[in-house]
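Here the structure is laid out as structure tokens; the discussion comes afterwards.
This chain uses plain numbering: 1 for the first residue, then up along the sequence. Owing to the predicted nature of the structure, the values given are computational and were not obtained by experimental measurement. Any value given below was found using the heavy atoms of this structure, including those in side chains, with hydrogens, waters and symmetry copies removed. Counting convention: from 1, in listed order, for ligands and their atoms alike.
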Amino acid sequence: MKQIRNFINGEFVGAGRPFDKRSPLSNRVIAQVAEATRDEVDAAVQAARAALAGPWGRITVAERVDLLYAVANEITRRFDDFLEAECADTGKPRSLASHIDIPRGASNFKIFADVVKNVPSEFFEMATPDGKGAINYGYRTPIGVVGVICPWNLPLLLMTWKVGPALACGNTVVVKPSEETPQTATLLGEVMNTVGVPRGVYNVVHGFGPNSAGEFVTRHPQIDAITFTGETRTGEAIMKAAATGARPVSLEMGGKNAAIVFADCDFDAAIEGTLRSVFANCGQVCLGTERVYVERPIFDKFVAAMKQGAEGLKLGPPEDKTTGMGPLISKEHQNKVLSYYQVARDEGATIVTGGGVPAMPGELTDGCWVQPTIWIGLPESARVIKEEIFGPCCHIAAFDSEEDVLAKANANDYGLATAIWTQNLSRAHRVAQRMKVGLAWVNSWFLRDLRTPFGGAKQSGIGREGGVHSLEFYTELKNVCIKL
Ligand code: NAD
Ligand code: 6OD
């Protein structure tokens, strides 16, 4: 049985109780993970503090940048190891992880190395009464030891999305991966050692949230800032923990994203993009679409094409090249998604396709599989239209005007992302600007330029990360005023 340990001060350790990691494909135990004790979390924080005061705090930006490039290159060199670990933990298709998760794991280090190398600081010259003047410049310092709390849906991608900029800015980190996906964060510890990142810069502690490693990290008084991706309710708990000591938080949280499809869209592109945004990663993408609004003249044709696309998705294991969709992450999450499938039936939905558990062969029989599912016919007040499900499902509704669809699409507590499908350029801008979200895609979905701001409005998040925006969170910006 594989043993997965904590990575503290450059060493793999594990004094705590082990817990089981199960495969989403079969529900069989595939590894034992060492749950970090409170003392181990404290040791990780102390190691991170020592590294900050020691070698990591002293190296030049150029040396730091070289190390981050080396990390990225080593991830790429060990691509197959990362791919195998990510697919084992999540059950996601290799075709998906090899295109998105692992390459982004590497590029998240390069982009932020480039940012810190190339972004200049601000400078203001001012007049003074004595006529001699003064100058002001902005000077950035690391914020300190950053607690990084991660989810399970895109484990390496979302963890490095935070660790990359944190390290690029000169901080050290204590990472708490999701209990469901411990492997790639641990593997990254090996990479850090191989390329010579000083001990204590990157630490990993495994475990759960409340009364476990997650809470031990977020409540630790020597954690200077907390960056989190996960459910909104968890983000609220973390914000409360961070209030003690008035520590800054960056929160990337839940979504209930709407796709808006106008009758003038490129129909095939809209279908392809919407199928991807609903079913990619088995619907477990925070940016994914769970509400689809389609202009009435093309509604029936759109629903029929979505049904055909969903029914054409082949469910299967990661290594099968024909697999279009894997399982959900866990039995617990499968039960949650299936409970929403029941809620939709209770609320009177018309089930266009799916709604249950597929029969899977052999060792996949007991895995966390659900059918790709589409509903129509529900009122906007229905729970499956209001609440985040985080599964491969959507409700499709017709709309009659721009005002109509904007009112419906914006009537939600979340505000993460939207995808707008139209060939009318003016309308595209108008609707994108009026959607209350952090990210609006037009004629695409999940097209990412890592220099752009990423984050959510309303209950989907606090703050923006990406490009220079990450500097706002991961550094302390000081103004130096010099009287001449
Ligand atoms: P989750 O909130 O259950 O867990 C996330 C992490 O928080 C895990 O590591 C967990 O152990 C830890 N945790 C839980 N309770 C804690 C506590 N009290 N204190 C400290 N840590 C705690 O989320 P999840 O189920 O892993 O991920 C799915 C959710 O993440 C969905 O809601 C999805 O929308 C959201 N998400 C958002 C984004 C984004 O960028 N906005 C990206 C991916 C996922
Ligand atoms: O692309 C990214 O940088 C990012 N943070 C994606 C988040 C996806 C949510 O599941």
Legend entry - Candidate with minimal heavy-atom separation from atom 5 (C) of ligand 1, of N153, L439, T181, T229: T229
Legend entry - Subset of ligand 1 atoms that lie under 4.0 Å from at least one heavy atom of W152: 24 (P), 25 (O), 26 (O), 27 (O)
Inset, instruction - Determine yes or no for a side-chain-to-main-chain donor-acceptor pair under 3.5 angstrom, with T323 supplying the side chain and P317 the backbone. - result: yes
Legend entry - Residue selection (non-hydrogen contact nearest atom 8 (C) of ligand 1) among P155, C150, S460: C150
Legend entry - F454 neighbourhood, listing ligand 1 atoms whose heavy-atom distance to it stays under 4.0 Å: 40 (O)
Inset, instruction - Report the nearest protein non-hydrogen atom to atom 7 (O) of ligand 1: residue, atom name, distance rounded to 0.1 Å. - result: I149 CG2, 3.3 Å
Legend entry - Taking atom 34 (O) of ligand 1 as the reference point, the nearest protein heavy atom with its distance: E388 OE2, 2.5 Å
Legend entry - Proximal candidate to atom 8 (C) of ligand 2 [heavy atom criterion; set C286, S107, A280]: C286
Inset, instruction - Do me a favour and list the nearest non-hydrogen protein atom to atom 28 (C) of ligand 1 with residue, atom name and distance? - result: F390 CE2, 3.6 Å
Legend entry - Option set I238, T234, I329, criterion heavy-atom distance to atom 13 (N) of ligand 1, minimum: T234
Legend entry - 4.0 Å protein heavy-atom contact status of atom 25 (O) of ligand 1, strictly under: yes
Inset, instruction - Pick whichever of F390, F454, F446 has a heavy atom sitting closest to atom 4 (C) of ligand 2. - result: F454
